[in-house]
There are 2 protein chains.
Amino acid sequence: MIKPRSRRGGGRPTISDVARKAGVGAITVSRALREPVRVSEELRRQILAAVEELGYVPDPNARALASARAEVFGVLVPSLTNNVFAEVVRGIYDSLSDSPFRIQLGNTHYSGLEEERLLQLFGSQRPAALIVAGIDQTPTSRKLLENAGCPVVQVMETGPDPVDMMVGFSHLDGGRTATEHLIEAGYRRIGFIGARMDPRSQRRLAGYRAAMERAGLFDPRLVTTTPVLSSVSLGRELFRDALAKMPTLDGVFCNNDDIALGVLFECHRASIDVPKTIGIVGFNDLEMMQVAFPSITSIRTHRYEIGRRAVAMALAAIAGDRPQERVVDLGFELKRRESTAR
Amino acid sequence: MIKPRSRRGGGRPTISDVARKAGVGAITVSRALREPVRVSEELRRQILAAVEELGYVPDPNARALASARAEVFGVLVPSLTNNVFAEVVRGIYDSLSDSPFRIQLGNTHYSGLEEERLLQLFGSQRPAALIVAGIDQTPTSRKLLENAGCPVVQVMETGPDPVDMMVGFSHLDGGRTATEHLIEAGYRRIGFIGARMDPRSQRRLAGYRAAMERAGLFDPRLVTTTPVLSSVSLGRELFRDALAKMPTLDGVFCNNDDIALGVLFECHRASIDVPKTIGIVGFNDLEMMQVAFPSITSIRTHRYEIGRRAVAMALAAIAGDRPQERVVDLGFELKRRESTAR
DNA sequence: GGCATTCTTGGTAGCGCTACCATTCGAACC
DNA sequence: GGTTCGAATGGTAGCGCTACCAAGAATGCC
């Protein structure tokens, strides 16, 4: 089972094989691959031919070791199945697919401790950039990010005091806008239904509260939350709880679209008229919101674009021109639909 | 005038720093970390103390280079946002979070060419294992997998002739079971609605067809498909097309739950009674299927478990004991719900 | 024409770690 | 008591690549 030391890599061609075949020095091959302009037209052709013929693929580990810099983007998200983060991740992947950069994706499970652990781990690879979801890192995580020695982009939210760069939007404004829309539409006993209640959910709740207080409508009994992970069935249950607690409820701002969908289904089931008896607003605007019956008003957020923008900013910073704007607010859009068209 | 190259890595402690501090050889530190039993109790304690004090984290790149083996699982899926693959990926992440293995995730966008490119790229890292979705690799991809020199697990489906190992279930049987259920429930003009039509969808269609033909009910006009990426709104549109083409339709087997949801919403919108006028069966059993009104019959597939099992098999193979069963069929379950309860 | 400058190319010396072998030492064995 | 053996530890030599410097050729300048 133990292979001889030479060719430990299982016979894969190395840069020296290519160099020999092309009749040049190894370093020239390296340059031809990384900085083509620094190698003469002719040699470059010979080298590329040799690369092709041997099927040479550079070893990223050796490369990283020699250059003290891995061509890796570290990406940290709190969930892999939540469509919201999946979209951001997709934007990141799509933006990097033609670049030499690989992606190291970590799942923090909404845990600060897990985030610290992963940051520690990622740091050991000397990544080219780090993209992390959220702006509420623990002090330890923040320090790790500050000392990472690479561009850092915090995504999903904007806020003061970025570690380095930020792309996102204001969840507080989003919550406020959603709530104000319900108020304008004539709803009065407007509930807030939220699950998981991570920091972004908290800020959406704060936006809801601000709008309600401003209109003189706030009542703590209108708020129904749980730390449990969000789901459609949970939305249904929380809505039933909310109704039991406050039978005069005539509208709900849901922390996210899954909850909103659960509310809608429960309304169907209980023959509650939407939007007449109850108005519903979701958050994120998943694709199905506009197809639902009735279609559901939601706050559209630009998740995919956040991913793309984060990569663009990181790449710019790597290339040396750090963007003027260190905090980019991509905003959101209120999508008015049938669920609030009273 | 020779400047020391030392500390290119930005002052991060190395294994020699730890060795010096603990008063041992570098190799002993390496062993203490990787094979603790081979180092005496006492030295181990000293070394771990030094590691702790210096905040030493091994450089995975150097490790990979020296050992000709990276502690990386390569994972290839066709989509990052499709909940089905997200669940599999989550299972993989959860199973590996306590192991030293990192994950390299690739998105093939349902493209064979992209899969080849990524396999090539992943191979250059000498991964510890490869997990790929599907069993329909191109000949080139198959060769790359066979020559990867590491355990390979094909997931999502079972079939003959695995590259190495497989975990999944039979999509053909799934399609057949779903269709037979509709037939048994008394539906006759049962349509098939499918989007994207990747190989797994094709086999679900084949299962549908087999069941329909066996019952003497098959009619090609009952089949409505498109290569377009699946979505809820697409489900709605396809259902309208199907109805226009075949107004006597009384049931649909949907390629996946997104489509089924689109169909359900369109039925609401057009006041078509479900399950009386139209019966609906989905595929995958997303969480919301049981909350929908009416709740939607679906084929539950064990995506998270597939991810976990794939990792378990790969880890076993890495440890040297290749499982007896190279092909594991995790099956599926028909979840009967209101949408077919005529 | 002499000298500085740029453009190409190559040699050397590691990057941080581990495979392989060598060495030491105490215990087991005959 | 000498030999054998295994356990514990260390030294050496790379893994495949690139940073750094050097050197030669080509070009520009006065």
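Below, chains carry the letters A, B, ... as their sequence lines are ordered, and counting in each starts from 1.
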Among side-chain atoms of Thr138(A) and Ser141(A), is any donor-acceptor pair under 3.5 angstrom? yes
Using whole Å, report how far CD of Gln125(B) lies from C1' of dC17(D). 15 Å
Whole angstroms only, please: what is the CG-P distance between Asp17(B) and dC15(C)? 11 Å
Measure CZ/Arg20(A) against P/dT9(C) and give the value in whole Å, please. 20 Å
Does a donor on one side chain sit under 3.5 Å from an acceptor on the other, for Arg20(B) and Ser16(B)? no
If I take atom CG in residue Leu65(B) and atom C1' in nucleotide dA13(D), what distance separates them, rounded to the nearest angstrom? 13 Å
For Arg69(B) and dC17(C), give me the distance from atom CZ to atom C1', rounded to whole Å. 16 Å
Can you list, in residue-number order, the parts of residues 25-37 of chain B that come under 4.0 Å of DNA chain C, counting heavy atoms only? Ile27(B), Ser30(B), Arg34(B)
Between CZ of Arg126(B) and P of dA19(C) the distance, given in whole Å, is 14 Å
Test salt bridge (charged side-chain N to carboxylate O under 4.0 Å, His left out) on Arg126(A) and Asp59(B); report intermediate values, then the result. CA-CA 9 Å; Arg126(A) 312 167 201 294; Asp59(B) 181 331; 3.5 Å; yes
Can you tell me how far C1' of dC21(C) sits from CZ of Arg38(B), to the nearest Å? 12 Å
Would you say Asp98(A) has more than 12 foreign heavy atoms packed within less than 6.0 Å of its CG? no
Quick check: closest heavy atoms across Arg31(B) and Val39(B), and the distance to 0.1 Å? CB-CG2, 3.8 Å
Measuring to OP1 and OP2 of dT9(D), would you say a side-chain N or O of Ser40(B) lies under 4.0 angstrom away? yes
Work out which heavy atom in Glu157(B) is nearest to a heavy atom in Asp136(B); give both atom names and the distance. OE1-OD2, 3.7 Å
Looking at residues 44-63 of chain B, who's got a heavy atom less than 4.0 Å off DNA chain D? none
State, without any angle test, whether Arg44(A) and Ser40(A) hold a side-chain donor-acceptor pair at a distance under 3.5 Å. no
Taking atom types as modelled, find out whether Glu116(A) and Gln137(A) have a side-chain donor-acceptor pair closer than 3.5 angstrom. no
Specify the separation, in whole Å, of atom CD of Glu41(A) and atom C1' of dT9(C). 16 Å
Tell me whether the count of non-hydrogen atoms from other residues, nucleotides or ligands lying under 6.0 Å of CD in Glu42(B) goes above 12. no
